[in-house]
Amino acid sequence: MMNKDEIYQEVASLLTSLFEIDADDIRPDARLYEDLELDSIDAVDMVVHLQKRTGRKIKPEAFRAVRTVQDVVDAVDQLMRDEA
């Protein structure tokens, strides 16, 4: 099971590789839509990749309240704890 630091690194890696976001722009408090300029399709792509990496099914409602990079990390961490 990944810890929060590993989850954060995975999310940051996805953001740089999938969406060509500058690593310097990725911070825990960075807002996905406003600061990183993701759109809803990008968010779906990120969830699909996180599902592949974690081997867990991510329910859409788990990501409805996600607004920042840290929110993504916390949601994935909670998902992994719930299914452990």
Side-chain angles (χ1 to χ4, degrees):
M1 187 158 95
M2 297 193 299
N3 65 34
K4 281 194 175 190
D5 287 337
E6 292 168 326
I7 295 169
Y8 179 83
Q9 292 303 321
E10 184 64 33
V11 170
S13 175
L14 276 176
L15 290 169
T16 55
S17 64
L18 286 178
F19 310 115
E20 299 177 1
I21 295 172
D22 190 324
D24 293 337
D25 293 336
I26 301 170
R27 303 174 320 279
D29 64 337
R31 296 171 300 172
L32 299 175
Y33 304 106
E34 296 86 348
D35 299 332
L36 303 181
E37 299 179 359
L38 296 183
D39 61 26
S40 57
I41 294 172
D42 294 335
V44 170
D45 285 346
M46 184 170 60
V47 168
V48 168
H49 279 81
L50 286 169
Q51 286 183 150
K52 288 178 186 173
R53 291 288 296 139
T54 63
R56 302 284 201 280
K57 178 84 171 119
I58 299 174
K59 297 179 182 86
E61 56 269 17
F63 270 76
R64 283 216 179 95
V66 168
R67 297 290 175 258
T68 67
V69 172
Q70 187 63 48
D71 290 344
V72 175
V73 172
D74 292 342
V76 172
D77 180 62
Q78 187 60 52
L79 174 77
M80 296 193 61
R81 290 177 190 281
D82 289 348
E83 296 199 9

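What you see below is based on every heavy atom in this structure, not just the backbone, and it leaves out hydrogens, waters and symmetry mates. Keep in mind the model is a prediction, meaning the values are calculated, not measured.
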Inset, instruction - Measure the NE2-CD distance between H49 and E10 for me, rounded to the nearest 0.5 Å. - result: 10.0 Å
Inset, instruction - Determine, step by step, whether D5 and Q9 satisfy the side chain to side chain donor-acceptor pair (under 3.5 Å) criterion, reporting the C-alpha distance in whole Å, the side-chain angles of both residues, the deciding distance to 0.1 Å, and the verdict. - result: CA-CA 6 Å; D5 287 337; Q9 292 303 321; over 6 Å; no
Legend entry - Derivation and outcome, side-chain contact (heavy atoms from CB on, under 4.5 Å), residues Y8 and V76: CA-CA 10 Å; Y8 179 83; V76 172; over 6 Å; no
Inset, instruction - Heavy atoms only: give me the nearest M2-D77 pair and the separation to one decimal. - result: O-OD1, 4.5 Å
Legend entry - same_hphob_cluster(L36, V44) at 4.5 Å side-chain heavy-atom cutoff: no
Legend entry - Trace of the side-chain contact (heavy atoms from CB on, under 4.5 Å) decision for D25 with D35: CA-CA 8 Å; D25 293 336; D35 299 332; over 6 Å; no
Legend entry - Gap separating the CG atom of L14 from the CG atom of D42, nearest 0.5 angstrom: 12.0 Å
Inset, instruction - Consider only side-chain heavy atoms of I, L, V, M, F, W and Y, link residues closer than 4.5 Å, and tell whether Y33 and V48 are in one cluster. - result: no
Legend entry - Connected via hydrophobic side-chain network under 4.5 Å: L38 and L18: yes
Inset, instruction - Examine the side chains of D74 and Q78 and answer whether a donor and an acceptor come within less than 3.5 Å of each other. - result: no
Legend entry - For V66, side-chain contact (heavy atoms from CB on, under 4.5 Å) partners two or more places apart: L32, F63, D71, V72, A75
Inset, instruction - Using a cut-off of 6.0 Å, state whether more than 12 heavy atoms not belonging to E34 lie near its atom CD. - result: yes
Inset, instruction - With sequence neighbours excluded, tell me which residues meet side-chain contact (heavy atoms from CB on, under 4.5 Å) with D29. - result: R27
Inset, instruction - For side-chain contact (heavy atoms from CB on, under 4.5 Å), just list the numbers for I21 and E37, CA-CA rounded to whole Å, side-chain angles, deciding distance to a tenth of an Å, and then say yes or no. - result: CA-CA 9 Å; I21 295 172; E37 299 179 359; over 6 Å; no
Inset, instruction - List the atom of R56, the atom of L79, and the distance in Å for their closest heavy-atom pair. - result: CB-CD2, 3.6 Å
Legend entry - More than 12 heavy atoms from other groups under 6.0 Å of CD on E6: yes
